[in-house]
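Predicted model, so just to flag it, every value in this text is computed and none were measured. Chain identifiers are assigned alphabetically (A, B, ...) following the order of the sequence lines, protein sequences preceding nucleic acid strands; residue numbering begins at 1 within each chain.
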Amino acid sequence: MNPLSEIRARFSTTLSGMVDDSDNLLSMIRPAGDSEFGDYQANCAMPLGKQLGRSPREIASEICETVQLDGLCQKIEIAGPGFINLTIDDDWLKSGLTAALADDRLGVDRVSKPKTFVIDYSSPNVAKPMHVGHVRSTFIGDAISKVLRFVGHTAISDNHLGDWGTQFGMIIYGYKHFLDEAAYRQEPVAELGRLYKYVRKLMDYHAAVKRVPELEASLDELKRKQADLESTDSPGDKKAEKQLKKQLRQLKTKIEDQAEAVAGLKAKILEVDGDPDLVKDALAHPNINQNAQLETAALHEGDATNQGLWEEFLPLCRQDMQKIYDRLDIKFDYELGESFYHSELANVVSDLTDKGFTKESDGAICVFLDNHNAPMIIQKRDGAYLYSTTDLATIKYRMEKWNADACLYVVDHRQSEHFEKLFDVARLWGFDEVELAHVAFGTVMGPDGKPYKTRSGDTVGLSGLLDEAESRALEIATSQNPELTEERHREIANVIGIGGLKYADLSHNRGSDYEFNYEKMLALRGNTATYLQYSYARVQGILRRTEADVDSIRANPGEFLFENEVERQLGLKLIRFGEALDEVLVEYKPNVLCNYLFELSQLFAQFFDKCSVKDANSEDLKQSRLQLCDLTARTIRRGLELLGIGVLDKM
RNA sequence: GCCCCGAUAGCUCAGCUGGAUAGAGCAAUUGACUUCUAAUCAAUAGGUCGCAGGUUCGAAUCCUGCUCGGGGUGCCA
């Protein structure tokens, strides 16, 4: 039992005797903001005083008299307007640590009411290279799944692959017209990738050729407007003046954006124009955009040739994608892609229609919702279905198959409106018991504060990103410890490179955008995976140098001794691992666990500095310190494992 | 137009279901390696929590307005 839930349990009895609903008050018991005030503080006397019309300090002392904290807290003080400051009893702490030492779960309880969670994350489009944008969903989803499982829930991870989309129409079109058979026989995946990129290029070319004149016309129009506004006489009154300036500013950014877009499109045209083969193919395939779309439509309608090609391509693409997941050590329980649901889509629409929830509008079948202006369209005018339809079919399947208590969607925050609508429709449809949550995350930014792109403006490919992280890590590992073998260096580089990447992502609040930076990610100091991994390696160093036998430490523990204040702090932090995990799951925020592990490692570094294990004054103290070391190492290792990050005994 | 999100130290970010003197890392300055890994630790300095109001014992946190920035916005995913 972690101290916070223990304290809350004790307060619960007292508070429920004073008010009807004590849950809110219990949540006001929290870790102390300042260690001067003790370990925990209960702030519930102030609001309670108000509610009961009495002095908060009076209430506080009444609470203190009745609450049973014997054996749990050694000091209870009332301070300021009515704060109740609590200090955990050293004996309680020591017995908790002793129990954790012998426990594979480090003293973390399993939840009393396990639930079934379905977690939808990663979800890339197969046949398109994975890029930096997939990183966050993959890491965050994986970490949440692992924490859920560790605390005792059932977590079903499901990679909702985009395996039925327009990219297959493009590849099929490419296969039919541009295939290099020898290359396909030798390296099918590479050839399919080439075909995808090739068709993409030609499609972009035609789209750009068409779009540039339109954009340029609109750009001229904007510039005219700008000139008009600039030559407008000053309106005299301040408000109008301000309005005018604002309009001009907005126009200016719009002009800049469009000019940039035109330049980008022109670059794409030039790229094709500069290559005679590309020009030839571009001219020979003027309707490639429409025709690729037709290939997709044919696939969806069950065309035998396209179906056959799709069945041939899909396993190849998935195999290729699997390489990335293997490097990241990410596994899924299920990988039910969009194609898995395609036969159900018509039923979704007809069922919703039968129940009277749909309405036809401009030929499309829609579900209108009270709190949204735009409806959710579930079938297009041309009869095709949309991702909203697939998502609804997916919810139905997950409920029927797993009877989920909660479905978590770890998806980019830009899709929040889609999920609001989706969840509303699902509830309308009858799935109103399940918790449906969009675990949204922000964008990975480049050093310019814009979404992370390569210098040429393309998205950053994931496999290249991993290569770069590992090669930089290799350089660091080699220069730090030149005496190790190259094989060891590579192993270290893998663990700190991939770990650094994951930690950089997970340590940010998932809702925020963050700036991607290799240097910071792998920095030798600061709040990085390396720092945590180094702490772990230092413990292992101590255990080696003292020739400690961890099995016997765990089996025959001595008393924990707090000779130095930092030893008590470290012990308290260790016993609070479960609190951190609970906190992660309140809002599905892995950064809470990162913070905990960083603070734990900082305390260990202080302990390392001040409290020698090898040269402890007595055997008892040495034993106690070894126990703290062992617990620290196991907590860091377990915590990092839940984040999907590895550790090393030496680095 | 409408909707959503953000603005915290020079930089990158925590903190946000209201709590005590706003935190960390980096960068800067200073000190500590014959020592269990210095990939470390100790210390100094750095702030009008975008602006203006409001709510209250108490506001970075909640409410309103404004400024600036980002995103979304019926037939892409």
May I ask you to test the A/L369-A/V425 pair for a side-chain heavy-atom distance under 4.5 Å?
yes

Among B/rA20, B/rA14, B/rG19, which nucleotide has an atom closest to any side-chain atom of A/M46?
B/rG19

Judged by atom type as modelled, is there a donor-acceptor pair below 3.5 Å linking the side chain of A/S416 to the main-chain atoms of A/H413?
yes

Residues two or more places apart in sequence or in another chain: which of them pass side chain to side chain donor-acceptor pair (under 3.5 Å) with A/Q533?
none

For the pair made of CG in A/N24 and P in B/rU17, what is the distance, rounded to whole Å?
11 Å

Under 3.5 Å, which protein N or O atoms sit close to an N or O of nucleotides 70-75 of chain B? Give each pair with its distance.
unit_1: B/rG72; atom_1: O2'; unit_2: A/E417; atom_2: OE1; d: 3.0
unit_1: B/rC75; atom_1: O2; unit_2: A/R381; atom_2: N; d: 2.8
unit_1: B/rC75; atom_1: N4; unit_2: A/D362; atom_2: O; d: 2.8
unit_1: B/rC75; atom_1: N4; unit_2: A/R381; atom_2: NH1; d: 3.4

Would you kindly give the CG-to-P distance between A/L26 and B/rU17, to the nearest whole Å?
17 Å

If you look at every strand shown and take non-hydrogen atoms under 4.0 Å, does A/D34 touch a base, only sugar-phosphate, or nothing?
nothing

So ring-ring contact (aromatic ring centres under 6.0 Å, His included) across residues 601-620 of chain A, not counting sequence neighbours, yields A/F604-A/F607

To the nearest Å, give me how far apart NE2 (A/H134) and C1' (B/rA77) are.
10 Å

Produce a footprint string for nucleotides 24-40 of chain B: one letter per nucleotide, 5' end first; B if the base is under 4.0 Å from any protein heavy atom, S if only the sugar-phosphate is, - if neither.
SSS---------BBSBS

For the ring pair A/F423 and A/Y409, is the centre-to-centre distance below 6.0 Å?
yes

How many Å lie between CG on A/D412 and C1' on B/rC4, as a whole number?
13 Å

Below 3.5 Å between N/O atoms, which protein atoms pair up with nucleotides 61-64 of chain B? Just atom names and distances, please.
none

Distance check, C1' atoms only: B/rC41 and B/rU67, in whole angstrom units.
44 Å

Gap between atoms CD and P, on A/E338 and B/rC76 respectively (whole Å)
14 Å

Taking N and O atoms by type only, does the side chain of A/N85 place a donor or acceptor under 3.5 Å from a partner on the base of B/rA20?
yes

Looking for any heavy atom pair under 4.0 Å, which part of the strands does A/P56 touch: base, sugar-phosphate only, or nothing?
nothing

Considering only atom P, compute the distance from B/rA39 to B/rA45 and round it to an integer number of Å.
28 Å

Considering only atom P, compute the distance from B/rA14 to B/rU29 and round it to an integer number of Å.
28 Å

Would you list the atom pairs, donor with acceptor, under 3.5 Å between side chains in residues 489-503 of chain A and any protein atom, with sequence neighbours excluded?
unit_1: A/H489; atom_1: ND1; unit_2: A/T485; atom_2: O; d: 3.4
unit_1: A/H489; atom_1: NE2; unit_2: A/N481; atom_2: O; d: 2.8
unit_1: A/R490; atom_1: NE; unit_2: A/E486; atom_2: OE2; d: 3.1
unit_1: A/R490; atom_1: NH2; unit_2: A/E486; atom_2: OE2; d: 3.0
unit_1: A/E491; atom_1: OE1; unit_2: A/R488; atom_2: NH1; d: 3.2
unit_1: A/N494; atom_1: ND2; unit_2: A/E470; atom_2: OE1; d: 3.3
unit_1: A/K502; atom_1: NZ; unit_2: A/L328; atom_2: O; d: 2.7
unit_1: A/K502; atom_1: NZ; unit_2: A/G644; atom_2: O; d: 2.8
unit_1: A/Y503; atom_1: OH; unit_2: A/N527; atom_2: OD1; d: 2.5
unit_1: A/Y503; atom_1: OH; unit_2: A/C594; atom_2: O; d: 3.2

Is the distance from the ring center of A/H160 to that of A/Y387 below 6.0 Å?
no

For RNA chain B, list all stems, counting runs of three or more consecutive pairs where every pair is Watson-Crick or G-U wobble with both distances under 3.5 Å.
B:1-7 with B:67-73, B:10-13 with B:23-26, B:28-32 with B:40-44, B:50-54 with B:62-66

Parallel, tilted or perpendicular for A/H131 and A/H134, by the 30°/60° rule?
tilted

Report the residues that fulfil salt bridge (charged side-chain N to carboxylate O under 4.0 Å, His left out) with A/R545, sequence neighbours left out, ordered by chain and then residue number.
none

Considering residues at least two apart in sequence or located in another chain, which fulfil the salt bridge (charged side-chain N to carboxylate O under 4.0 Å, His left out) criterion with A/E420?
none

Using whole Å, report how far CZ of A/F604 lies from P of B/rA42.
14 Å

Whole-Å P distance, B/rC13 and B/rA60:
23 Å

Would you mind listing every salt bridge (charged side-chain N to carboxylate O under 4.0 Å, His left out) that reaches into residues 604-627 of chain A, with sequence neighbours excluded?
A/E563-A/R625, A/E567-A/R625

Would A/T296 and A/T166 count as having a side-chain donor-acceptor pair, cut-off 3.5 Å?
no

Are any of the side-chain nitrogens in A/K450 or A/D448 under 4.0 Å away from the carboxylate oxygens of its partner?
no

For RNA chain B, whose closest nucleotide is more 5', that of A/S388 or that of A/F516?
A/F516

On RNA chain B, nearest-nucleotide positions of A/N43 versus A/N125: which is more 5'?
A/N43

Whole angstrom is fine here: how far is it from CG in A/L392 over to P in B/rA77?
13 Å

To the nearest angstrom, the CG-C1' distance between A/D163 and B/rA77 comes to 13 Å

Under the rule for side chain to side chain contact (heavy atoms under 4.5 Å, CB included), what residues qualify as partners of A/V19, not counting sequence neighbours?
A/S22, A/L25, A/L48, A/Q51

Distance only, no hydrogens: is a donor on one side chain within 3.5 Å (strictly under) of an acceptor on the other, for A/N509 and A/Y514?
no

Distance check, P atoms only: B/rA59 and B/rC63, in whole angstrom units.
16 Å

Which value, rounded to the nearest 0.5 Å, describes the distance between A/S601 atom OG and A/L570 atom CG?
10.0 Å

Touch class at under 4.0 angstrom, heavy-atom based, for A/A79 against every strand present
base

Which whole number of Å gives the distance between the C1' atom of B/rU48 and that of B/rA9?
13 Å

Any side-chain N or O of A/N591 below 4.0 angstrom from OP1/OP2 of B/rG15?
yes

Where along residues 618-632 of chain A does a heavy atom come under 4.0 Å from RNA chain B, residue by residue in number order?
none

Trace of the side-chain hydrogen bond (donor to acceptor under 3.5 Å, both in side chains) decision for A/E77 with A/N85
CA-CA 5 Å; A/E77 278 180 339; A/N85 291 332; 5.0 Å; no

What's the gap between B/rG19 and B/rC62 when it is taken at their C1' atoms, as a whole Å value?
14 Å

Remember a base hit wins even if backbone is also touched, and classify A/E36 as base, sugar-phosphate or nothing at under 4.0 Å, heavy atoms.
base

Below 6.0 angstrom between ring centroids: does that apply to A/F83 and A/F37?
no

When the P atoms of B/rC66 and B/rG25 are compared, how many Å lie between them, rounded to an integer?
39 Å

